[in-house]
Structures are given as structure tokens and as C-alpha cells.
Amino acid sequence: DAKTTQPPSMDCAEGRAANLPCNHSTISGNEYVYWYRQIHSQGPQYIIHGLKNNETNEMASLIITEDRKSSTLILPHATLRDTAVYYCIVRGLYNFNKFYFGSGTKLNVKP
Amino acid sequence: DTGVSQDPRHKITKRGQNVTFRCDPISEHNRLYWYRQTLGQGPEFLTYFQNEAQLEKSRLLSDRFSAERPKGSFSTLEIQRTEQGDSAMYLCASSPLNRDPQQFFGPGTRLTVL
């Protein structure tokens with residue numbers, strides 16, 4: 001599975017969009033990008049995943065560049081409850097083994 | 001609530017004691033995973049099961065650690081002769097076998113070894 005690089009922390013004002021970047025320059029053609037988040041003292045929570053097309057669900061949008069070497073998770077209207085550590089993970093869709101989480105990005109949503 | 005439960009949520013023990021944690025996955029999920037998370041780090045993989053078979057163990061899983069999933073349902077993780085370095089959050093996750101392998105995580109068990 002390809003490795004990912006994320007900034008250690010980011011700030012965002014409440015009500016504004018939070019854009020969290022992730023670099024995965026060694027991603028291969030059959031590997032998906034997953035995003036999870038972990039709110040303090042809880043287990044990680046699935047947010048979204050995608051292969052090459054942009055994806056959107058009720059929680060967030062995922063924008064993957066055309067060369068697939070980077071992606072951005074967008075929380076359209078961040079709230080204080082979105083303060084968490086966000087993990088970008090690359091993995092083959094039919095690789096049922098472990099996730100490599102890395103250190104993630106700590107998103108601080110401020111009032 | 002993802003449907004994955006872990007017990008206990010918190011455990012304080014003295015160095016040298018044995019501890020056991022339990023994980024109940026989502027009932028139809030064939031795969032079950034254990035991770036360990038220390039302060040400021042992301043979760044690190046320990047081991048995983050497909051049904052009752054333990055298919056992979058990390059080198060982090062020393063001889064003092066043992067995991068079981070006897071009937072392919074709940075799982076236990078035992079740590080023998082605990083050390084202060086074992087203090088961490090122990091996370092369990094489950095996933096279905098033949099669909100999108102998103103992992104559903106439990107709330108974790110926080111272990112403190114004094």
C-alpha cells in the first residue's frame with residue numbers, strides 16, 4: 001500500500017469550508033484513497049473513499065487530482081464537532097488487510 | 001455507534017499483571033482487527049482474523065500478547081505480564097468479507113499500566 005503525507009495540523013473557522021490535503025505520489029492504479037477521522041478518545045470513523053472520480057456523501061467531498069498523486073478532503077461547513085484528527089489512507093480495494101494510519105492532520109475548528 | 005463494542009472501556013493494572021480485553025464485532029462481519037494506539041500516534045495494526053483463523057500478526061505482537069476468536073464471533077486480546085510500555089488504547093474493528101472493506105471501529109479499551 002502506498003504511503004501518504006499530511007500536514008500535522010490545520011485551523012479552520014466555524015462555518016467555513018475545511019480543506020485537508022493529502023499527498024500519495026506512489027499510489028498505484030488499483031489503490032483507493034480512504035479518509036477516516038478520530039475524535040478525541042473515540043475509535044476512528046469512516047468518512048469517504050474514492051478511486052479517481054470525485055466523491056461526495058453527507059459528511060464530506062473527496063477531490064482526487066487527475067494524476068491521482070494527491071487528494072483533498074472537504075468539509076463544506078465545518079462545525080466545532082468536526083475538530084478531530086483526520087487520516088488519509090491508501091489501500092487496494094480488495095486488500096482486506098490492515099490500514100496504515102500514519103499520524104494524520106489535527107483539524108482545529110475555531111468559533 | 002458503529003455496532004462494534006469493546007469491554008472494558010478503561011483498565012488500570014499494575015505492572016506484571018495479566019489483562020484481557022473483549023471485542024464484539026458487527027454480527028455478519030467475517031473479519032476482525034486489533035490495533036494499538038499510543039498518545040499522539042495513529043492506530044497501529046496488531047493482528048486480524050477471518051472468521052476464527054488468525055491470518056496475520058504484526059511484529060508489535062510480542063510473545064506476551066495473544067488473541068483469539070474461538071467461534072468466529074467475539075474476540076479476546078490478552079496481555080501477560082504487563083509492562084508500562086503496554087499503556088495504550090486498544091482498538092477493535094470489523095469488516096464484511098465480500099463487500100467494500102471499510103473497517104468499523106469500536107470505542108477502544110484504554111489500558112494504563114502503573
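Residue numbers begin at 1 in each chain, while the letters A, B, ... track the order of the sequences.
Looking at A/Gln45, there are no atoms closer than 4.5 Å to chain B (heavy atoms on both sides), in backbone or side chain. The contact between B/Gln41 and chain A is made by backbone and side chain atoms together, counting heavy-atom distances below 4.5 Å. Contacts of B/Pro107 with chain A are made by backbone atoms alone, with heavy-atom separations under 4.5 Å and no side-chain atom involved. Only the side chain of B/Gln37 comes within contact range of chain A, with heavy atoms under 4.5 Å apart.
A/Arg37 pairs in a side chain to side chain contact (heavy atoms under 4.5 Å, CB included) with only one of the listed residues (A/Val85, A/Asp82, A/Thr83), which is A/Asp82.
If you look at A/Phe99 and B/Tyr33, their ring centroids are not closer than 6.0 Å. Between B/Phe105 and A/Phe101, the distance separating the two ring centers is shorter than 6.0 angstrom.
Contact count against chain B (heavy-atom pairs under 4.5 Å) is highest for A/Pro44 among A/Ser41, A/Ser103, A/Gly43, A/Pro44.
Heavy atoms of other residues, nucleotides or ligands lying less than 6.0 angstrom from NZ of B/Lys57 number 12 at most.
Defined by atom type and a distance below 3.5 Å, a donor-acceptor pair is present between the side-chain atoms of B/Tyr35 and B/Gln103.
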